[in-house]
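This is a predicted model, so every value here is computed, not measured.
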Amino acid sequence: MYDIIKPGFDALAEYLSAHVLTCLVPAFFISGAIAALVSKDTVIKYFGARTKKWLSYGVASISGAILAVCSCTILPMFQGIYKRGAGIGPAFAFLFSGPAINVLAIVFTASVLGFDIGIARAVSSVSMAVIVGLIMATIFERGAKGETASVAPAVAQVETAARTRPKYISPIFFVLLIAILLIGASGLISLLFRLAVVYLLTIAVAVILIFYYTRDEVKSWGHETWWVTKKIFPILLVGVFIVGVIGGVAANFSPSHDPSTAVGELTKPYLGNNTLFACLLASVIGALLYMPTLLEVPIIGTFFGYSSGLMAPGPALALLLAGPALSLPSMVVLVRMVGWKKAGVYIALVVIIATMIGMIYGALA
């Protein structure tokens, strides 16, 4: 029994050590800041259901370019803008684009897996974010037009204070928070340098809070951050544990019992061509696996054998599109956030559209 659940504990330990402090904690604080400190009018201006589509979907579909986040880290930010009144379409476009349209990941993909698939990933990700958002809006927006975003009393008090604050303060404040997330999560910078930079950025955030934000605003920020943390974090841990157990069990069926070499050989009969089945299977695998930012590239190149010719281009792109946007832990949390219907349709759209794009690319490659 212990041998079965041990991979789950190993995955949980790795996740806690590698992602919680540097990724999730800053993301939770950003989510709380969006919910507490961003004016509802601002959110509706860029992401509202009545905003011009070219503006709302344009901003949402490229927002991931500055956010090097995974499918789990984007959830608190999605919750923040969704709670503040963003339209369903732009909100889900943002949810997809956050982990999918990462400039660093696109460049990394092109350099490791090839220029062609890197460009295909970039173009497909932006297009897919818009398509997913538009379909979600078509299905659900009509029934949600009468809904209003819930605003806590403390948050309502913040609106007045925000009007007296210089307009440039809030953008600077959020740039600092995002910088903490990006630098803290970066694996390309030494730990000591990261800690030093994050420390200085945190001091800058503290100075802005002291001089430009009221006590009620800071308390509201803490309240919203705790609310999203207790809603997401426990389920996220359970999901990571389950994925680890599944991975450990799967490895036992490979001839070499070495996941790093066996999976590509085992899946070649299924992922070694550009058929509908191969692309769909790749999309489903990507939707279930948890892949931290940038890790999808070595997983596809080495783990599934794309670089050695064991995996075809179509399934590779399908996995690159569905993998960063979804994971079993993130799907479980998303269901709790927005309900079975919206979450189910979003998950199905990502899998189906990623499959179709993979087939098209496979036919052209």
*For Met356, does the CE atom have more than 12 heavy-atom neighbours from other residues, nucleotides or ligands under 6.0 Å away?*
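At most 12 heavy atoms, drawn from other residues, nucleotides or ligands, come within 6.0 Å of this atom.
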_Restricting to ring-ring contact (aromatic ring centres under 6.0 Å, His included), what partner residues turn up for Phe173, sequence neighbours left out?_
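Listed in chain order: Tyr213, Trp221.
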*Ser124 and Ser127 side chains, donor-acceptor separation under 3.5 Å*: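 No, Ser124 and Ser127 have no side-chain donor paired with an acceptor closer than 3.5 Å.
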_Residue pair Thr355 / Ser283, side-chain donor-acceptor N/O under 3.5 Å_ =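 Indeed, the side chains of Thr355 and Ser283 share at least one donor-acceptor pair under 3.5 Å.
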Give the table of side-chain donor-acceptor pairs shorter than 3.5 Å for residues 357-365, with sequence neighbours excluded, one pair per line with atom names and distance.
unit_1 : atom_1 : unit_2 : atom_2 : d
Tyr361 : OH     : Ile117 : N      : 3.4

*Partners meeting side chain to side chain donor-acceptor pair (under 3.5 Å) with Asn273 (sequence neighbours left out)*: Thr275
Is there side-chain contact between [X] and [Y], with at least one heavy-atom pair below 4.5 Å?
{"X": "Thr229", "Y": "Val25", "result": "no"}
{"X": "Pro313", "Y": "Asn274", "result": "yes"}
{"X": "Phe193", "Y": "Ile183", "result": "no"}
{"X": "Lys53", "Y": "Leu134", "result": "yes"}
{"X": "Ile169", "Y": "Pro166", "result": "yes"}
{"X": "Val207", "Y": "Tyr212", "result": "no"}
{"X": "Leu310", "Y": "Tyr306", "result": "no"}
{"X": "Ile139", "Y": "Lys341", "result": "no"}

Starting at [atom1] of [X], measure out to [atom2] of [Y] and round the result to the nearest 0.5 Å.
{"X": "Tyr346", "Y": "Met331", "atom1": "OH", "atom2": "CE", "answer": "10.5 Å"}
{"X": "Ile135", "Y": "Ile88", "atom1": "CD1", "atom2": "CD1", "answer": "14.0 Å"}
{"X": "Ile352", "Y": "Cys279", "atom1": "CD1", "atom2": "SG", "answer": "13.5 Å"}
{"X": "Leu177", "Y": "Ile172", "atom1": "CG", "atom2": "CD1", "answer": "12.0 Å"}
{"X": "Leu289", "Y": "Ser327", "atom1": "CG", "atom2": "OG", "answer": "9.0 Å"}
{"X": "Phe174", "Y": "Leu176", "atom1": "CZ", "atom2": "CG", "answer": "11.0 Å"}

*Counting N and O atoms only, with roles assigned by atom type, does the side chain of Ser61 sit under 3.5 Å from a partner on the main chain of Val130, one being a donor and the other an acceptor?*
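It does not hold such a pair.
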*asked:* I'd like to know whether Ile30 forms a side chain to side chain contact (heavy atoms under 4.5 Å, CB included) with Ile180, so could you lay out the CA-CA distance, the side-chain angles of the two residues, the decisive distance to 0.1 Å, and finally the verdict.
replied: CA-CA 10 Å; Ile30 292 173; Ile180 290 173; over 6 Å; no
Looking only at heavy atoms, what is the nearest atom pair of [X] and [Y], with distance?
{"X": "Arg121", "Y": "Pro324", "value": "NH2-CG, 3.4 Å"}
{"X": "Pro99", "Y": "Ala325", "value": "CG-CA, 3.9 Å"}
{"X": "Ala60", "Y": "Ser97", "value": "O-OG, 2.6 Å"}
{"X": "Ala129", "Y": "Ala93", "value": "O-CB, 3.4 Å"}

_Working note: Leu319 + Met311, criterion side chain to side chain contact (heavy atoms under 4.5 Å, CB included); need CA distance, chi angles, decisive distance, verdict._
CA-CA 11 Å; Leu319 188 51; Met311 187 182 200; 3.8 Å; yes
Quick one: do [X] and [Y] end up in the same hydrophobic cluster if we chain Ile, Leu, Val, Met, Phe, Trp and Tyr together by side-chain heavy atoms under 4.5 Å apart?
{"X": "Val335", "Y": "Phe96", "result": "no"}
{"X": "Ile74", "Y": "Tyr57", "result": "no"}
{"X": "Trp54", "Y": "Val132", "result": "yes"}
{"X": "Tyr168", "Y": "Ile208", "result": "yes"}

Listed partners of [X] passing side chain to side chain contact (heavy atoms under 4.5 Å, CB included), at least two apart:
{"X": "Val338", "answer": "Phe78, Tyr82, Phe92, Leu334, Lys342, Ala343"}
{"X": "Val284", "answer": "Leu280, Leu288, Val351"}
{"X": "Leu281", "answer": "Tyr270, Leu271, Phe277, Ile285"}

*asked:* Apply side chain to side chain contact (heavy atoms under 4.5 Å, CB included) to residues Ile300 and Thr109 and explain how you reach the verdict.
replied: CA-CA 10 Å; Ile300 291 170; Thr109 301; over 6 Å; no
_Trace of the side chain to side chain contact (heavy atoms under 4.5 Å, CB included) decision for Arg215 with Val218_ = CA-CA 5 Å; Arg215 182 184 296 270; Val218 176; 5.9 Å; no
